[in-house]
Amino acid sequence: MLILDPDDPAGWREAPAAVPGTPAASGNRFTEGLNPEQREAVEYRGQALLIVAGAGSGKTRVLTHRIAGLIDSREAWPSQILAITFTNKAAAEMRERVESLLGEGASGMWISTFHSACVRILRREAEAIGLSSTFTIYDSADTRTVLKRIIKELDADTMGFTPASAQSKISKLKNELSDVETYARNANMNDPQEAMFLEIFRQYTRRLRAASALDFDDLIAETVYLFRAFPNVASLYQRRFRHILVDEYQDTNHAQYSLIREFTQPVPAERVAEMSEHGFNVRGITDASGGIPGASLTVVGDSDQSIYAFRGADIRNISEFERDFPGAKVVLLEQNYRSTQNILSAANAVISNNFDRKDKKLWTAVGDGEKITGYTGYTAHDEAQFVADEIEALHRAGVAYRDMAVFYRTNAQTRALEEIFVRSALPYRVVGGTKFYERAEIKDAMAYLISVANPLDELALRRILNTPKRGIGPATETALSGFAEANGLSFREAMRSADALGLGPKVTGAIMALARVLDEAAAMLVPSSAGVAAGTNEGASKVSDVLVFLLEKSGLIDALRNSRDPQDETRAENVDELVAQTRDFDRDNPQATLVDFLTQVSLVAAADELDDASGTVSLMTLHTAKGLEYHAVFLTGLEEGLLPHQMSASEPGGPAEERRLFYVGITRARQRLYISLAMSRAQFGEVAVAMPSRYLQEIPEDLVDWKQSPGMATSRGGTRPRALNARPGQGGAWGTRDRDLERFSVTASAKPKAEWANRVTGTVRDNGDLTLEAGDRIRHVDFGEGRVSQVTGEGTKRIAHVSFDTAGQKKLLIKIAPIEKL
DNA sequence: GCTAGTTGTATTTTT
DNA sequence: TACAACTAGC
């Protein structure tokens, strides 16, 4: 999926002599069909441009046309462009679109995420900051493991430190570009809490250094430090990139902001002269003083879609852009090309409740469209059944599954949705969530590769030390690390000389054997002498071959295959899938190294996994949904405590950010928007009463057609559990006034149709080999009786198409549906 | 050093 | 619920 940028380091010193073009020369070819504001954003030439782009206002179009225009008019070579996007997928798409606009490849362009761009720079310049160019990138789980060890060793848990709390604090500091020393200077050492945290931070930094590893936040921060500490290195990039474009600017944090500032600094004349002497071509890019002026900066963003404050995103970066870059031009894009007016009106109404924002109203020329459909389920399963039914109805009406998406606030909400979707034989895919690369067996296999690529990475080594089981326990591990420390060796070196430790012969043999396997794998990666001479990877073994070698020689794959744990069968299959992925990687990137593969894996984002060609409904969190659009969108779990989330209440700006999240969700929909909630939701395995989200009231009532409103669901019938009759408590945002509930009763559609049949439970049954055929009558736990009209599929995937007497048409996966034949 | 069983505890969003 | 950490017994 991710394509390695074809930028070629050999061309690094070549002359990208720009032919300065006149703005008008960018031609009409790239402004045709654009509205006046879009056109202005594409054509403007100046130091700084802020494009305030409302949702669906065609910002990707503007960005791609702007880049294509710059290249086509010869104002810039592709290699002088640096475009930062939020995901790798967006980057790949942007590259594709630019290339198709130009009708040719645009190699040398850097279009990537902040993190990918930084890794690329850091690997190239690693030496300068005393890092191995094969440094490992630690993900949050790795960070957590390291912190867990540190906290245990320091007994910091007695002071209330947890890996999670330390992790988020360290992350916040790094996003503010505060390193250990900076923190130490300002810390109040009389406060034992603070002193302890400093020690944790210090240890953490030390260990990452020793392992030649960087965490996600380091990638950005270290690049900034690199540029600041080595102006001559920074100049290389300042000279090269003449046009910097940043998408989703509202979600940049301080470190990213600082990085952009570094990129756009001018290069003073004396350094330009120096560079020129060293053979760097600066022709055509110097100004009258002989220096290189700062690169032009284009940022695109929408403060209403800022949803990453928890990750340090600072909304001031965009709101104070004009102050930061004096003379900046601002272009406002308000015409929406995505959604119907009803959807936009709802979005506008909701977001206008956020005070302290620049007023901005999205509008469209496409017309009102259909009303928003609302539904209140009794349980999460009931809600999920509504979603499944509506998806099926849309599908029958001709909407492809891939054009529909279900959004939710927390990953935990997928469970009920998945259960119902499986039962309903709906093709779906969960985007993000527990990712493939987070599975234990995959992390194990990856740890082998990492140990080979970066021998200093102790975390990876410790992970594989006893995986598969080799009889090397914690005692041996401690002995090894003690030996390493006492002799000034790395953990890996200690393993090689394990025979000097006086351990048992079996354990010693196991350690030495593992060390040997790793050494042999490392030898496979050395390029041939011809390759070394040419600076290529010629002669090195392919990633897939190294992986297969490691899996076999280490015994990992055999251990999984021969295990009697039935789950290990799936694990072995996952490992095989990893091998298949490395084969794909080798095929797609013949020149790439093992480190390239590891980098790519470290930096995949949830949205990168999206496969446009798949014929499935997509399920994802609201955060992942940013930047995407679908014909039909289902916003689920619109309850107090979920959206806004409980945890956001205590955070400053929390409720406003949650509202933006809701806004982002609404504006993903092109034609149809569905909003739903459940009156009760299982948490802790206990059922708790749920209150409608405060944000629901903010949607004008005439825009929503409630098939079952919150009012109806509380005021009707006596068959539901008592808990549901409970009055909303004091302080509940939904209020205690009856008017609030009445509002929904009044707007509720007058047709009390099949909704009562939809009181779906989580019941699952194994029907084994129940055979059904068209014409059979069945009884379903939730839907009552019905007649089978058709049976499709094979084996465990047989699907019954059933017309229920009261609940309508449904598809059921026969094996697990709670049904019986009559 | 390994395994199974038990107890305890935490549950937001992500590059 | 569900998973991590701890304990007991091999």
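So you know, we letter chains A, B, ... as the sequences are listed, proteins then strands, and number each from 1.
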**Student:** Considering every strand and a 4.0 Å limit on heavy-atom distances, what is the contact class for A:Tyr308: base, sugar-phosphate, or nothing?
**Tutor:** sugar-phosphate

**Student:** Under 4.0 Å, heavy atoms only, any strand: does A:Lys148 hit a base, just the sugar-phosphate, or nothing?
**Tutor:** sugar-phosphate

**Student:** So if I take every side-chain heavy atom of A:Thr621 and compare against B:dT13, B:dT12, B:dG1, which nucleotide ends up nearest?
**Tutor:** B:dT13

**Student:** Please find out if less than 6.0 Å separates the ring center of A:Tyr308 from that of A:Phe310.
**Tutor:** yes

**Student:** Hey, which sits more toward the 5' end of DNA chain B by its nearest nucleotide, A:Thr113 or A:His645?
**Tutor:** A:His645

**Student:** Give a yes/no on whether any side-chain N or O of A:Arg311 is located under 4.0 angstrom from OP1 or OP2 of B:dT12.
**Tutor:** no

**Student:** Given atom CD of A:Glu657 and atom P of B:dT14, what is their separation to the nearest angstrom?
**Tutor:** 12 Å

**Student:** It should be established whether A:Thr624 places a side-chain nitrogen or oxygen under 4.0 Å from OP1 or OP2 of nucleotide B:dT13.
**Tutor:** no

**Student:** Indicate whether A:Phe86 forms a stack on B:dT15; treat it as stacked only if centroid distance is below 5.5 angstrom and interplanar angle below 30 degrees.
**Tutor:** no

**Student:** Do you see a donor-acceptor pair shorter than 3.5 Å between the side chains of A:Glu419 and A:His381?
**Tutor:** yes

**Student:** Would you indicate which nucleotide in B:dT11, B:dT3, B:dT13 comes nearest to any side-chain atom of A:Phe310?
**Tutor:** B:dT13

**Student:** Out of B:dG1, B:dT12, C:dC6, which has the shortest distance to the side chain of A:Pro474?
**Tutor:** B:dG1

**Student:** Whole-Å distance between B:dT11 P and A:Met647 CE?
**Tutor:** 8 Å

**Student:** May I have the distance from A:Leu219 (atom CG) to B:dT15 (atom C1'), rounded to whole angstrom?
**Tutor:** 9 Å

**Student:** For a quick check under 3.5 Å, do A:Ser212 and A:Asn454 share a side-chain donor-acceptor pair by atom type?
**Tutor:** no

**Student:** Tell me the interatomic distance from A:Arg144, atom CZ, to B:dA10, atom C1', rounded to whole angstroms.
**Tutor:** 11 Å

**Student:** Contact class for A:Ser140 vs. all strands (heavy atom < 4.0 Å): base, sugar-phosphate, or nothing?
**Tutor:** base

**Student:** Taking the side chain of A:Lys469 as heavy atoms from C-beta outward, which of B:dT12, B:dT13, B:dT3 is closest to it?
**Tutor:** B:dT3

**Student:** Please state how far atom OH in A:Tyr408 lies from atom P in B:dT13, giving the value in whole angstrom units.
**Tutor:** 10 Å

**Student:** Between B:dT15 atom P and A:Met620 atom CE, what is the distance in whole Å?
**Tutor:** 13 Å

**Student:** Please state whether the phosphate of B:dC2, meaning OP1 or OP2, lies under 4.0 angstrom from any side-chain nitrogen or oxygen of A:Asn466.
**Tutor:** yes

**Student:** Output all residues satisfying side-chain hydrogen bond (donor to acceptor under 3.5 Å, both in side chains) with A:Thr134, sequence neighbours left out; order by chain, then residue number.
**Tutor:** A:Ser132

**Student:** Would you call A:Asp444 and A:Arg571 a salt bridge, using N to O less than 4.0 angstrom?
**Tutor:** no

**Student:** For B:dT14 and A:Asn411 - does any side-chain N or O of the residue sit under 4.0 Å from the phosphate oxygens OP1/OP2?
**Tutor:** yes

**Student:** Could you give the distance separating B:dT13 and C:dA4 at their C1' atoms, to the nearest angstrom?
**Tutor:** 23 Å

**Student:** Could you please name the option among B:dT14, C:dC6, B:dT12 that lies closest to any side-chain atom of A:Lys152?
**Tutor:** C:dC6

**Student:** On the nucleotide B:dG1, are OP1 or OP2 found under 4.0 Å from the side-chain N or O atoms that A:Thr476 carries?
**Tutor:** yes

**Student:** Taking atom CZ of A:Arg316 as the centre, report whether more than 12 heavy atoms of other residues, nucleotides or ligands fall under 6.0 Å from it.
**Tutor:** no

**Student:** Does the base of B:dT15 carry an N or O that pairs as donor and acceptor with the side chain of A:His115 under 3.5 Å?
**Tutor:** yes

**Student:** Specify the separation, in whole Å, of atom CZ of A:Phe407 and atom P of B:dT14.
**Tutor:** 13 Å

**Student:** Rounding to an integer number of Å, can you tell me how far A:Leu603 CG sits from B:dT14 C1'?
**Tutor:** 13 Å

